[in-house]
Structure formats: structure tokens, C-alpha cells
There are 2 protein chains.
Amino acid sequence: MPRLVHDTSAILDAAVRLLVAGSADAITIAGVIREAGVSSGSVYHRFPTRAALLAAVWNRAVEGFHAELEEHFAGEPVAAAAALGRHTVAWCRAHPADARVLLAGLGAFEPTSWSPESRERREAGQARWDRHVRRLLAGLRAETGRETAELLLVVIDVPYAAVRRYLSAGRDIPANLGDIVERLIRAQLA
Amino acid sequence: MPRLVHDTSAILDAAVRLLVAGSADAITIAGVIREAGVSSGSVYHRFPTRAALLAAVWNRAVEGFHAELEEHFAGEPVAAAAALGRHTVAWCRAHPADARVLLAGLGAFEPTSWSPESRERREAGQARWDRHVRRLLAGLRAETGRETAELLLVVIDVPYAAVRRYLSAGRDIPANLGDIVERLIRAQLA
DNA sequence: CGGCTTCTAGAGTTCTCTCTCTAGAGAGAT
DNA sequence: ATCTCTCTAGAGAGAGAACTCTAGAAGCCG
């Protein structure tokens, strides 16, 4: 066999398929070996433990999401909130498998057993994201006078809620759902 | 030992504690035996398989929720929707452990491996609930002219979204969250 | 060509889980 | 008092998962 017969991303894709078909707990090393058609040696060469595999699945999905969404924090607060809602829905529509990863929630990936490197990588990205969110919320509070709990619901939680119904049923996200979410956000922040 | 040493509900409570501490997959027969401090014989006497235990946990939680919420479907559609949202939040605040069960979603309880009796019991309750929801949505469509996807989001998904953030972080639900949700629903249906 | 390094294959160990099975305790009936 | 039925206790079998280990294949560099 030549070097690097198997693509690492193909192994992660197999893990995500297991999650989509079941739950995050369905991501087992044995399952990935079967699903990806590779040997246990190949998997363990890349991911020394199951925790490392789970960390890689989570970090890849969340970094993809952040990379595509981050630009929409720029600009005037209400417009930014509306754009974030719309593009969150659009991203989930375009990447339903990775969206399922995010919807499962960090807790399902057992972050307490991750290596320090995986943990730090996640925390750094999350801190960056949280800074953006806090700045946006501060802007919205100043502009609308609403309290944080309400803004969190409207700006962060509603887009996820809109999408969860379709993703967890394995159905496609309606094409106009982004419009609906954006309208709701604008109406609530008016 | 006398008859019925252990309470069946204590066994289900132990199962729910395992879910709250981890995930639905963390509900194992072996785990419940440890958590509840009973013998495997006692558990298997009540629940012949793990699937039967999972079915009992799910059905108990969902029936408690439906029993308390069902009355709020009565009355004028917009008022009913507002009441449902407010009381959904209130129920989750009062029963955070059972709320976690519902938030995990039916899929996490592997309903395909349930016994026909458990399955039918669930489906009967769900059908009853769905009839109420459909009737409410029909009323709201007539009154507001909005499409189903939007109404589902506002009336059904938003209350769950409001509550999920706090429950999955293990934090208490803010006392005024019910107000926030009710206001949002009324505003969107105006 | 020959050695070094990276990667792959898969057998084997240990652990945990589900489920079965047997022995027996205790309450109520006759 | 003893018999029956319900429930409990816990050992043990079988399956599957995480992880370890060893042998070796194949590219690269001299």
C-alpha cells in the first residue's frame, strides 16, 4: 500500500454519517472502521482515542460554520442579526450533516475527555465567536432596550429552532425558511 | 424480602438521572442497577429489555407534559397559542428532568425496537396531541393568514428553543422567560 | 539499491453491557 | 401450616467496543 491510502476527512465523514443515522454515541471506532472500510490501525494512527475522533468531528463542523458566518457580524446591529439568522438557516440547508453535528450539542461529544490540544482549539474558536456575539448583543441592547435573555432567544436560538425540526426528521429545509427567520428577527427587534 | 421492595418509578427516576447527567444512551440497564441500587432481577422483572425501559421513560415524561398542557388548547386560537407557549416554559421550569427527556427527542429512545404495546401507547397519545395542534394551526391560519412553516416555528418551536439553552446547560430557567415567550408569540400573531 | 519513516492490516486483550437462569424470600389463600 | 405466586438476588454467558501490538507495505533519500 502507498502512503496515505485513506483520507482523514473520509474517516470523519463516515463518523458524521453514523451520527446522522443515529446519535453522537453511535460514533464508535468499530463503527467508523466498518462505515469507512478502513482498518483499525489506520483509524488509530490518526485518532489515538475515541475522544480525539469526537473532538475532530466537532471542531471541523463548528469551524466550518464559524468561518462562513463570521463575516455577517459586521455592520449595523439589527441588520447583522437579520443576516446571521438568514445565513444560519442557509448554512444548515447547505450542510445538513454538519448541522446535525452542531445540533447534537457539544455535550454529546464528551469534551471533558478531550486532549488539552483539542480542548484549547475549541475554546479559542468559541471565545472568538462569543466576543462577536457579546458585541452584537450590546449593540442590540443599546438600540432596542430589550434584555439579554430576550435577545438571545430571538437572535441565537430562533434560527436553530427553525432548522431543528427539519434536520432531526431527516427532511430538507424549506427554501423560504431563511426569509421567515429574517422577518421574525427584524419584527422582534423593531 | 417482602413483595414489591422497589418502586418502579424510582427505577425510572434513576434512568432519568442518567440521562440528565449524560445522554439518552447513558441509560443502560447496568447503569440503572447501580444508580437505583437494585438487582438486575428487579429491573428485568419490570422491563424485559432495555427498549422497554426506554419506552417507559419516554412515555411517562411525554404523558405528564401532555396532561398538563392539553387544557390550554381550548379557547380562541391566538390566546391558546400564547397560553401554550407560556405553560410549556412553566412546565419545563417545574420539571427540568422530564423536560430533558423531551428535549433529547423521541429518536434517542430507539422507538423502532419498542414492543407493539409501547409503540401503540405512544402513537395514541401523539395522535391525540397532533389533532389538537392541527386544529390550533388551522385556526391561526384562518386568523392570521400566515403559512404553516411560520406558525410551527412561532407556536411550537420557539418555546422549546427558549428553554433548551438553560436546560442543556443545567441552569435554572429564568422566571420571566414565560413572559418573553408569550409576548413574542402574541407579537408574531398580531 | 537499501535503509528510514510513515502508514496499514488485523489479531488479541480487557472491559462493559444485555440478557438468561436458578435459588429463594415473603405475602396471601386454603 | 403449607402452598402458590410475585418479586428479588446475583452469577454467568455471549456480544461488541476500545485499545494494544506486531508484522509488513510503500514512498523518499542517500
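For the numbers below, each heavy atom of this structure counts, side chains included, while hydrogens, waters and symmetry mates do not. Reminder, nothing fancy here: chain letters follow the sequence lines and each chain counts from 1.
Computed from coordinates, the R50(A) CZ to dA18(D) P distance equals 6 Å when rounded to whole Å. Look at CG on L53(B): it is 10 Å from P on dC19(C), rounded to the nearest Å. One can place CZ of F47(B) at 14 Å from C1' of dC7(D), the figure rounded to the nearest angstrom. Atom pair Y44(A):OH and dT22(D):C1' shows a separation of 16 Å (rounding to whole Å applied).
The residues E182(A) and R186(A) are annotated as salt-bridged, a charged nitrogen and a carboxylate oxygen being separated by less than 4.0 angstrom.
Listed in residue order, the members of residues 11-30 of chain B having a heavy atom less than 4.0 Å from DNA chain C are T28(B), I29(B), A30(B).
Of the two residues near DNA chain D, G31(A) and G41(A), the one whose nearest nucleotide lies more 5' is G31(A). Residue-to-nucleotide proximity on DNA chain D shows that, of P48(A) and G37(B), the 5′-proximal contact is made by G37(B).
The number of heavy-atom neighbours closer than 6.0 Å to CZ of R121(B), taken from other residues, nucleotides and ligands shown, is 12 or below.
Looking at the side chain of R34(B), the nearest of the listed nucleotides dG10(C), dC17(C), dA18(D) is dC17(C).
Phosphate contact (OP1/OP2 of dT6(D), side-chain N/O of R46(B), threshold under 4.0 Å): absent. Of the side-chain N and O atoms in S39(A), none sit less than 4.0 angstrom from OP1 or OP2 of dT8(C). For the pair S42(B) and dA9(D), the criterion of a side-chain N or O lying under 4.0 Å from OP1 or OP2 is met. Distances shown here put every side-chain N or O of H45(A) at or beyond 4.0 Å from the OP1 or OP2 atom of dT8(C).
In terms of heavy-atom proximity, A81(A) sits nearest to L140(A) at CB-CD1, 4.2 Å. Summarising the geometry of V158(A) relative to L153(B), their closest heavy-atom pair is O-CD1, 4.2 Å, with the distance given to 0.1 Å.
For the residue pair T148(A) / R141(A), a side-chain donor-acceptor distance below 3.5 Å is found, with atom types taken as modelled.
In this structure, NE2 on H45(B) lies 8.5 Å from OG1 on T8(B), to the nearest 0.5 angstrom. Rounding to the nearest 0.5 Å places CD of Q188(B) at 10.5 Å from OG1 of T144(B).
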